[in-house]
Participant: 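Take a look at the following structure, please.
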Amino acid sequence: MRILVTGGAGFIGSAVADAAADRGHEVVLLDAFLPQAHGIEPRSRHRMVRGDVREFDVVRGLLDGVDVVCHQAAMVGHGVDPSDMPDYASHNDFGTAVLLAAMHDAGVRRLVLASSMVVYGEGRYRCPRHALVRPAPRRADDIAAGQFEPRCTACGTPLAPELVPEDAALDPRSTYAATKLAQEHLAAAWARQTGGGVWALRYHNVYGPWMPSGTPYAGVASLFRSALHDGEAPVVLEDGRQRRDFVHVADVAAANVAAVETEPPTGGPDALNICSGRPHTIGELAVELARACGGPAPRVVGGARPNDVRHIVADPAKAARVLGFRASVDFAEGVEAFANAPLRHSAAVGGGER
């Protein structure tokens, strides 16, 4: 098949392109090479087009003969503050709308969309008295007092986290999260109007070689790695017991290839958790990286980032069932390799981004 990979020079997009080509697919890459994301234009063994997914003519010109689009292009991460909102909405949502319009014009009817676990907000929780409970945002006074677990809205009891299935309530709590959910809704509208098919892959915490580094948009694994390579201790917020699912970029690429090779249902998107299925705490990640880098032990400092969630770990069963996807990279081995893997440095922020 011929695959257009948007954001194809980025951290995840480049891994997807390589994995698809290794399976015998023809790949064409589109990337805007934003300075926040790229210090230098990377070399690639694939056809690479420099262009913006928000430009209809650029996108439309690449779609003739394309069987499926893997849409990875996006602004990612927590960002700085609400001043980032126009850029997030423009790149993520307007860009997706332009892509879908161009796909309609070209008659391309299959999309693999890079979504995110952030659409869930807080994860899935159970109260011993009230069963499944959707927690309210955590209170600032609780966090200041070192009480980090979300509470039951009915009785105030701290809640126990559970695995999050794809049909869990959606509750985006950041600008990035809101734009990722909007992408899913735009793809749903396109699919219903065209009879197209969409896999919406909700990535969990992706890490691996060529990860973005040193910007306000970088992920926690990259922030820890950068600190350690500067001889500094990784700084862990809260108590370090926040649970996440860290999934290696090679596994994410494999999931994308599986989605490319599996016919999606038509007339609406099908969301899938793309995760390892083996959750770890942020503190465990910091400790493993510090050990692998031979650096100082992590510093646990309390507090929390605004709108950050306590636990978000996913149920991997559906992706295994419908795509045959199961993550294969072991956490300890993946972190060991990541300790000395190359990172991606930006031109704009003296560090790296996607």
Side-chain angles (χ1 to χ4, degrees), residues 10-12 14-15 39 76-78 116-118 123 143 146 148-149 161 163 203-255 273-305 308-314 316 326-346 349-354:
F11 167 46
I12 296 175
S14 59
V76 300
H78 273 266
S116 173
M117 55 90 175
V118 296
I143 290 172
F148 301 114
E149 299 299 335
L163 296 181
Y203 303 158
H204 284 251
N205 291 71
V206 187
Y207 74 99
W210 299 110
M211 191 177 185
S213 169
T215 84
Y217 308 96
V220 66
S222 173
L223 296 175
F224 289 167
R225 230 297 299 269
S226 295
L228 287 161
H229 275 238
D230 289 340
E232 300 173 359
V235 175
V236 180
L237 298 180
E238 303 186 27
D239 57 2
R241 295 176 184 156
Q242 312 94 297
R243 297 173 77 228
R244 298 291 188 271
D245 189 307
F246 297 100
V247 57
H248 196 275
V249 68
D251 284 324
V252 172
N273 289 323
I274 302 303
C275 58
S276 73
R278 298 178 292 275
H280 293 271
T281 68
I282 286 178
E284 285 176 308
L285 173 68
V287 168
E288 285 288 327
L289 263 179
R291 180 193 56 76
C293 292
R299 289 195 301 117
V300 180
V301 299
R305 290 190 298 187
D308 211 354
V309 300
R310 177 61 172 172
H311 305 293
I312 177 70
V313 295
R326 293 174 178 81
S328 62
V329 178
D330 174 76
F331 175 75
E333 292 175 0
V335 171
E336 179 82 28
F338 177 64
N340 292 294
L343 299 182
R344 186 176 298 264
H345 297 286
S346 77
V349 195
E353 222 268 301
R354 183 182 177 133

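The shown structure was predicted, so the numbers you read here are calculated from the model rather than taken from an experiment. The figures that follow rest on heavy atoms only: side chains count, while hydrogens, waters and symmetry mates do not.
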Participant: Taking side chain as C-beta onward, heavy atoms only, is Phe224 less than 4.5 Å from Val236?
Facilitator: yes
Participant: So, do Val287 and Pro298 sit near enough that their side-chain heavy atoms are less than 4.5 Å apart?
Facilitator: yes
Participant: Would you compute the distance between atom CZ of Arg299 and atom CD of Glu232 and round it to the nearest 0.5 angstrom?
Facilitator: 9.0 Å
Participant: Measure the spacing between CZ of Arg310 and CD1 of Ile282 and express it to the nearest 0.5 Å.
Facilitator: 9.0 Å
Participant: When rounded to the nearest 0.5 angstrom, what distance separates NE2 in His311 from CG in Asp245?
Facilitator: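 Going from the NE2 atom of His311 to the CG atom of Asp245 covers 14.0 Å.
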Participant: Determine whether Val206 and Phe11 satisfy the following criterion, side-chain contact (heavy atoms from CB on, under 4.5 Å), listing intermediate values before the conclusion.
Facilitator: CA-CA 10 Å; Val206 187; Phe11 167 46; 3.8 Å; yes
Participant: Would you call the rings of His280 and Phe331 parallel, tilted or perpendicular, taking 30° and 60° as the class edges?
Facilitator: parallel
Participant: Starting from the C-alpha separation in whole Å, work towards a yes-or-no answer on side-chain contact (heavy atoms from CB on, under 4.5 Å) for Thr281 and Arg244.
Facilitator: CA-CA 6 Å; Thr281 68; Arg244 298 291 188 271; over 6 Å; no
Participant: Of all heavy-atom pairs between Phe338 and Leu343, which one has the smallest distance, and what is that distance?
Facilitator: CE1-CD2, 3.8 Å
Participant: Can we say Arg241 and Glu149 salt-bridge, meaning some charged N sits less than 4.0 Å from an Asp/Glu carboxylate O?
Facilitator: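 Between Glu149 and Arg241 there is no salt bridge, as every charged N stays at least 4.0 Å from the carboxylate O atoms.
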Participant: Ignoring hydrogens and geometry, is there a side-chain-to-backbone donor-acceptor pair from His229 to Asn340 under 3.5 Å?
Facilitator: no
Participant: Which value, rounded to the nearest 0.5 Å, describes the distance between Arg225 atom CZ and Cys293 atom SG?
Facilitator: 6.0 Å
Participant: Sub-3.5 Å donor-acceptor pair from the side chain of Ser276 to the main-chain atoms of Ala327, do we have one?
Facilitator: no
Participant: How close do Ile143 and Gly303 get, heavy atom to heavy atom, and via which atoms?
Facilitator: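 Smallest interatomic distance, heavy atoms only, reads CG2-C, 3.9 Å.
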Participant: Shortest non-hydrogen contact from Val329 to Gly334?
Facilitator: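 That closest heavy-atom pairing would be CG1-CA, 3.9 Å.
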Participant: Is the shortest side-chain heavy-atom distance between Val220 and Phe246 below 4.5 Å?
Facilitator: yes
Participant: Give a yes or no on whether the backbone of Gly277 and the side-chain of Arg326 come within a donor-acceptor separation of less than 3.5 Å.
Facilitator: no
Participant: If every non-hydrogen atom of His204 is compared with every non-hydrogen atom of Val313, which pair is closest and at what distance?
Facilitator: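 So the two residues come closest at CE1-C, 4.4 Å.
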Participant: Roughly how far apart are Leu237 CG and Asp308 CG, rounded to 0.5 Å?
Facilitator: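 It is 7.5 Å, given to the nearest 0.5 Å.
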Participant: Any chance you could measure Arg305, atom CZ, to Glu238, atom CD, to the nearest 0.5 Å?
Facilitator: 9.5 Å
Participant: Val249 versus Tyr207: any side-chain heavy-atom pair under 4.5 Å?
Facilitator: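 A side-chain contact is absent here, since even the closest heavy-atom pair is not under 4.5 Å.
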Participant: Would you say the side chain of Pro234 lies within less than 4.5 Å of the side chain of Leu289, judging by non-hydrogen atoms?
Facilitator: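 Not in contact.
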Participant: Under 3.5 Å, side chain of His248 to main-chain N/O of Gly208, donor-acceptor pair present?
Facilitator: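 No, because the side chain of His248 does not come within donor-acceptor range (under 3.5 Å) of the backbone of Gly208.
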Participant: Which heavy atom in Pro316 sits nearest to a heavy atom in Ala314, and how many Å separate them?
Facilitator: CD-O, 3.5 Å
Participant: Would you say the side chain of Pro296 lies within less than 4.5 Å of the side chain of Leu228, judging by non-hydrogen atoms?
Facilitator: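 Yes, their side chains come closer than 4.5 Å.
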Participant: Taking the side chain as everything from C-beta on, heavy atoms only, tell me whether Met117 gets closer than 4.5 Å to Asn205.
Facilitator: yes
